[in-house]
Every structure is written in C-alpha cells, then in structure tokens.
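Both backbone and side-chain heavy atoms feed into the values below; hydrogens, waters and symmetry mates do not.
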Amino acid sequence: MSVKQLIEAPLVVVTNREPYIDESSDHGTQTVQRAGGVVSALDPLMQEIGGQWIAWGSGSADIETSPGGKRQVPPENPRYTLHRIILNQEEVQGYYAKYSNQGLWPLSHMLIERAQFSRRAWQIYRNVNQKFARRASSVSPQGAWIFSHDYQLSLLPAFVRKSRPDVAIAHFWHIPWPPHTIFRLCPQHAEILRGLLGADVLGFQSDMDVDNFINTVERALKVSVDRDNKTIAWQDRVVHVKSFPISVDFHAIEELVQNPRISSWVRGIRRHVERRDQILGISVDRADYTKGLLPRLDAIKEFYALYPQYREKVTYVQVVVPSRTEVAEYRVLYDRIAKKIQEVNKQFQSATWIPLITLRHSIDRPRLMGLFRAADFAVVSSLVDGMNLVSKEFVAAQVDKRGVLLLSETAGAAHELENEAFPINPLDPEGFANTLHEALSISADERSLRIARMREHLQNHTIYEWMADIFVTLKAAAQSYV
Ligand code: GDG
C-alpha cells in the first residue's frame with residue numbers, strides 16, 4: 001500500500017524549515033527548493049494529496065510572495081498551501097538561534113557544557129510555538145492529521161490539542177533523547193514534556209531514545225508509564241511512544257546516480273583516481289560540533305602517522321557546509337576546522353599530493369550522490385547523531401558496490417548498519433586509524449558483500465516505510481478514541 005493510501009484525513013505538516021524559500025536577488029525573486037532530508041521527502045507526498053504545510057518563512061522574499069501568509073506551491077504547478085510564519089529578528093534569535101540551537105540541541109546531544117538557556121529566550125520560544133500552533137489550529141480541517149517535527153516545536157502538540165481536540169497529532173523528534181539526568185538540566189524540561197505529550201504519537205529515531213523519553217516522563221512528571229506497550233496515560237488520553245528510524249529515498253538516489261550525466265561524471269572521477277592509483281574517500285557534514293569533525297581530523301593525522309604507506313595514496317574529500325552561522329559558536333567552529341585542515345595538510349603534503357581536499361560550500365545533490373557512488377570509502381564519525389542520513393545516502397548511491405563505510409558507533413544509523421559498516425569510536429584516534437587501515441585492506445568481494453547487505457536492508461526501509469509506519473500508528477491511535 002502506498003503512503004498516500006494510508007492517509008485517511010486531511011494532512012497538515014508543521015516544520016521549522018519550509019519546503020520552498022523565496023529569495024530576492026539582483027535578478028528578481030527566485031524560489032529555492034530544499035534538497036534531501038525529510039522536508040524534500042514530504043513534498044512529493046503533499047503534492048500528491050494536497051493539504052496544508054506550516055513553516056517559518058525565512059526567505060528574503062517570503063513576505064512579498066505570500067499575501068496573507070499563504071503561498072500555493074510548487075509555484076509553477078500549485079498543489080498544496082504553504083503557510084509561512086513570519087518571525088522578526090528578536091524571535092529568530094530567541095526561538096531559533098538561542099533556545100533551540102544553543103539550548104535544546106547541545107543538551108539533547110548530551111554536550112552539557114555547551115547548553116545555554118535563558119528565561120528570556122524561553123518566553124520567545126514559547127510565543128513562537130504558540131504562533132505556529134495558532135496557525136495549525138486555524139487551518140486544520142475537522143479531524144485532520146497533524147504531522148509536526150522536532151525540537152524547535154516541542155510545545156506545539158499541547159497548544160494545538162487545547163484548541164482542537166478533534167485532530168490527531170504525530171510529532172517526530174529527529175535528534176537523540178538523552179537520559180533523564182541530562183534532560184532535567186533544561187530549566188523548562190517539565191513544560192517541554194507536557195508540550196510533547198499533547199501528541200497521540202511521539203516518534204523517535206531509536207528504541208534507546210524511546211526508553212530515555214519514557215524514563216524522563218516518569219521521573220520528571222511522576223506519571224505511571226507502560227514500558228511493555230510503550231505508552232503513557234496522560235490526561236484523558238494514551239500517548240504512543242515509538243521508534244521510527246528515518247531513512248532515505250533509496251530508489252530515487254539509485255536512479256539519480258545512474259542517470260547518464262552523473263554516470264559519466266562518476267566515470268571521469270574514477271578514471272582520474274585509478275590513473276593515479278589513488279583511493280578515494282569522502283566525508284560530508286554540516287559544520288556542527290556533534291558531527292565530530294575536529295576529532296576526525298586528529299584521527300586522520302594519526303592514520304597517516306601510523307600508516308605512512310597511505311600517504312600519496314588516499315584522496316580524501318571533506319565537504320564542510322557552513323551551518324547556523326547566526327550562532328557565534330558555529331562560526332568559531334568553522335574557523336577551527338579550517339585551521340586544523342591546514343595543519344594536517346601542512347604536516348603531510350608533498351609536491352604532488354595533499355591529504356585533505358576541502359570543499360567549504362554546499363554542493364548540488366546530484367554531484368554529492370555521484371561522489372558517494374565514486375568513493376572507495378566514506379567516513380561518518382559523529383559524536384552523537386539522531387540517525388545520520390549521509391551514511392544511508394552513501395549506501396544507496398553505491399550501485400557499483402565498491403565502497404566501505406566507517407560509521408560512528410554512536411550515530412543512530414549504527415543500530416541498522418553496524419554489522420556491515422566498520423564501527424568507529426569518534427574519540428579513539430588510534431582505533432580509528434587501525435579501523436580505516438583494516439577497512440581498506442579487505443578484498444573487493446568482501447566490500448561488495450558488505451555493501452550489498454546494507455543495500456538490501458535500506459531498500460526495504462526507505463523514507464516511505466518510515467512515513468507509512470508513522471501514519472499507521474497514528475491511525476490506530478486516533479481510532480482508539482472513536
Ligand atoms: C538531523 C539529525 C537525522 C550535507 N551537505 C550537503 C548536503 N547535505 C545533506 C546530506 C543529508 C543532510 O544534509 C544531513 O542530514 P543528517 O541526517 O546527516 O544530519 P542533520 O542535518 O544533523 O539532521 C540527524 C536527520 O535530522 C533526519 O532525521 O538523521 O541525526 O541531526 O541529506 O546529504 N546536501 C547537498 N549538498 C551538501 O553539500 N546537496
């Protein structure tokens with residue numbers, strides 16, 4: 001059954017980021033569509049079934065292109081309504097940069113020392129959540145299904161529930177849920193839990209996150225929870241807490257990397273690599289401290305020191321995309337990464353070879369997937385990661401089955417890929433170096449077997465199964481009240 005067939009009520013999606021952004025430039029207004037991730041996976045579904053999508057209107061031309069806060073999208077062939085929440089500078093700072101990204105983001109990734117909360121930012125976060133909720137309540141048809149997302153909108157489910165008891169709500173938390181001892185450090189943790197418990201279905205990336213959430217609710221709110229059924233009786237309802245490991249559009253990636261243009265680009269890369277007898281490695285990350293870029297660079301240094309036979313032999317492409325540049329800490333991190341890369345290069349480079357080729361900007365999705373197809377190995381070494389879609393995209397793009405994946409044991413994706421990927425501890429540089437050496441030493445047959453097994457798994461666990469599973473659970477939860 002397709003996802004579309006599972007949806008039995010009008011659908012309302014609520015995300016922080018919007019699927020279409022209008023930007024003004026010297027050449028007029030341009031609509032930019034987001035590529036990759038959950039927003040771009042939900043867009044085709046919404047185009048098929050129609051409905052409402054509420055998001056922060058962050059583009060410079062968003063106001064002028066959406067009279068009354070509404071924009072029919074896609075602009076060239078309108079299929080559904082995008083409702084843009086316009087935020088002023090103070091709201092962007094308080095809701096997004098501060099409370100969400102300097103508070104909840106580091107705390108949820110268990111990086112306690114980085115977490116900063118303030119009551120002023122909390123007030124703004126709360127008000128902005130209320131703004132989103134008011135819009136969701138006013139545009140939702142009777143009995144609608146609301147699919148809301150992530151740590152920026154944790155209070156929305158309860159706000160909507162209050163004014164619209166007729167709707168069914170699924171909220172998905174994309175990042176890890178930490179143990180109670182950590183989450184309680186958030187001064188407003190009880191309010192956040194009450195906000196989330198307004199949903200009928202609460203989705204997390206892994207069973208560990210589910211257990212942590214249930215424990216947190218039990219201890220912080222002193223309510224009784226059902227660990228066997230993963231439910232929480234809250235007010236006069238039952239909240240279903242479940243893991244739904246997010247994934248990628250496997251078949252779309254497979255198709256993309258095999259189209260003639262990308263195939264010929266990949267062949268060009270391979271010719272270049274093979275002519276020079278090189279091994280091609282790749283890492284792609286937003287410049288975020290959770291992705292473990294600095295420890296990874298130390299580990300690469302260790303690798304070339306312990307295994308000098310790989311000098312002049314490995315071409316390692318590191319894509320580092322600037323991220324959340326409105327937060328000072330991210331700008332500092334970006335500079336530190338750039339410095340460290342220079343340091344590694346200086347130490348090992350020769351007249352004909354540099355250890356790290358860095359692309360410090362976003363590259364378009366077809367080429368990124370092409371690089372994944374062309375690579376001999378990929379490294380994902382997040383310190384903590386809810387899932388990590390890069391690792392799954394790499395596997396989906398590996399249609400020639402030549403590459404190996406080194407994957408952090410602490411990324412959510414490790415739960416599914418740990419048997420075939422090479423596990424690494426992001427904080428163990430010597431261990432990382434040994435594992436990379438081991439991964440590069442296995443036979444072509446073993447590489448092919450490992451990647452084939454991962455592909456088999458992901459083929460049956462795509463982003464569409466993820467959505468379907470959530471909607472099936474929401475339907476069952478909603479029916480139990482009828
Ligand atoms: C959060 C959670 C969870 C990156 N550079 C470029 C580019 N990307 C794309 C990747 C991938 C996406 O960005 C990154 O997704 P991740 O899952 O790796 O990480 P977060 O952004 O932190 O996402 C995470 C996810 O939510 C979903 O639930 O998996 O754990 O932290 O799709 O390909 N895309 C393009 N050019 C780039 O340079 N086109």
Side-chain angles (χ1 to χ4, degrees), residues 3 7 9-19 34 37-43 45-46 49 51-58 69 80-85 87 95-96 99-100 104-105 108 125-141 143-175 177 191-205 209-210 213 232 234 237 239-244 246 386 463 466-475 477-478:
V3 178
I7 299 175
L11 189 61
V12 180
V13 171
V14 195
T15 54
N16 173 58
R17 288 281 180 204
E18 53 185 343
R34 293 189 74 80
V38 69
V39 169
S40 69
L42 280 165
D43 175 65
L45 175 70
M46 291 296 278
I49 64 175
Q52 323 289 322
W53 188 319
I54 297 151
W56 164 31
S58 59
Y80 66 93
T81 309
L82 173 61
H83 299 265
R84 286 174 167 155
I85 306 290
L87 303 176
Y95 150 79
Y96 180 70
Y99 202 83
S100 297
L104 291 176
W105 172 268
S108 299
Y125 175 87
R126 201 175 177 281
N127 291 343
V128 170
N129 267 253
Q130 218 154 15
K131 252 189 187 180
F132 273 79
R134 269 200 299 271
R135 187 75 68 92
S137 300
S138 73
V139 305
S140 292
W145 286 2
I146 296 189
F147 189 17
S148 53
H149 292 260
D150 231 358
Y151 60 102
Q152 300 94 350
L153 297 170
S154 66
L155 306 178
L156 179 125
F159 283 145
V160 172
R161 168 81 47 214
K162 210 166 160 196
S163 60
R164 292 294 307 272
D166 58 295
V167 299
I169 308 172
H171 188 90
F172 189 77
W173 188 267
H174 290 256
I175 63 177
W177 190 280
E191 285 96 323
I192 288 178
L193 294 172
R194 288 194 195 99
L196 288 169
L197 288 169
D200 300 285
V201 174
L202 278 173
F204 293 92
Q205 301 277 22
D209 298 324
V210 167
F213 179 79
I232 300 170
W234 178 247
R237 297 171 305 110
V239 182
H240 299 255
V241 188
K242 202 176 158 202
S243 70
F244 304 95
I246 200 166
I463 185 106
W466 172 80
M467 277 185 221
D469 203 4
I470 292 177
F471 291 129
V472 166
T473 312
L474 184 62
K475 183 180 161 188

- Note on the structure: Rounded to the nearest 0.5 Å, the CG atom of L153 sits from the CH2 atom of W173 at a distance of 10.0 Å
- Query: Would you call the rings of Y99 and Y125 parallel, tilted or perpendicular if under 30° counts as parallel and over 60° as perpendicular?
  - Reply: tilted
- Query: Is there a side-chain contact between N16 and D150 (heavy atoms, below 4.5 Å)?
  - Reply: no
- Query: Side chain of D209, backbone of W177: donor and acceptor closer than 3.5 Å?
  - Reply: yes
- Item | W234 and R194: CA distance, side-chain angles, deciding distance, side chain to side chain contact (heavy atoms under 4.5 Å, CB included) verdict | CA-CA 9 Å; W234 178 247; R194 288 194 195 99; 3.7 Å; yes
- Straight-line distance of I232 CD1 to F213 CZ, nearest 0.5 Å: 5.0 Å
- Message: Over 60° means perpendicular and under 30° means parallel, so tell me whether W56 and Y96 are parallel, tilted or perpendicular.
- Response: tilted
- Hey, are the side chains of F159 and R126 touching, using non-hydrogen atoms and a 4.5 Å cut-off? yes
- Main-chain N/O of V167 paired to R161 side chain as donor or acceptor, under 3.5 Å: yes
- Test item: T473 and I470 side chains (from C-beta on) under 4.5 Å apart, heavy atoms: no
- Message: Main chain of W105, side chain of S108: is a donor-acceptor contact present, judged purely on distance under 3.5 Å?
- Response: no
- Minimal non-hydrogen separation, H149 against H174, with atom names: ND1-NE2, 2.9 Å
- Looking only at heavy atoms, which two atoms of L87 and V128 are closest? And how far apart? CD2-CG1, 3.9 Å
- Task: Report the distance from atom CZ of F172 to atom CD1 of I246, rounding to the nearest 0.5 Å.
- Result: 5.0 Å
- No-hydrogen, no-angle side-chain donor-acceptor test under 3.5 Å, S148 and H171: yes
- Does any N or O in the side chain of R237 come within less than 3.5 Å of the main-chain N or O of L197, such that one atom is a donor and the other an acceptor? yes
- Message: When you measure from the side chain of R164 to the backbone of P141, do you find a donor-acceptor pair of N or O atoms at a distance under 3.5 Å?
- Response: yes
- Task: Could you check V12, I54, V14 and say which one makes a side-chain contact (heavy atoms from CB on, under 4.5 Å) with H83?
- Result: I54
- Q52 side chain near S140 side chain, heavy-atom distance below 4.5 Å: no
- Plane angle bin for F147 and F471 - parallel if under 30°, tilted between 30 and 60°, otherwise perpendicular: perpendicular
- Message: Quick one, Y95 and N129 - any side-chain contact, counting heavy atoms below 4.5 Å?
- Response: yes
- Message: Using only atom types and a distance under 3.5 Å, with no angle test, would you say the side chain of W466 pairs donor to acceptor with the backbone of F244?
- Response: yes
- Note on the structure: Rounding to 0.5 Å, atoms CG (L42) and CG (L11) come to a distance of 8.0 Å
- Query: side-chain hydrogen bond (donor to acceptor under 3.5 Å, both in side chains) between Y80 and D43: does it pass, once the steps are laid out?
  - Reply: CA-CA 9 Å; Y80 66 93; D43 175 65; 2.6 Å; yes
- pair V39-V13: side-chain heavy atoms closer than 4.5 Å: no
- Message: For H240 versus A477, what's the shortest heavy-atom pair and its separation?
- Response: CD2-CB, 3.7 Å
- Query: Going from CD1 on I463 to OG on S40, what distance comes out if it is rounded to the nearest 0.5 angstrom?
  - Reply: 7.5 Å
- Item | Heavy-atom pair with the smallest gap, counting every atom of P157 and G195 | CB-O, 3.3 Å
- Query: Which heavy-atom pair separates I175 from L104 by the least distance, and what is that distance?
  - Reply: CD1-O, 4.4 Å
- Item | Distance in Å, T15 OG1 paired with Q152 CD, rounded so as to fall on 0.5 Å steps | 9.0 Å
- Message: I'd like to check W145 versus K475 (side-chain heavy atoms, cut-off strictly below 4.5 Å). Are they in contact?
- Response: yes
- Note on the structure: Between S58 and R17 the two heavy atoms that sit nearest each other are OG-NH1, 3.6 Å
- Message: Do D469 and K242 have side chains that approach each other closer than 4.5 Å (heavy atoms only, starting at C-beta)?
- Response: yes
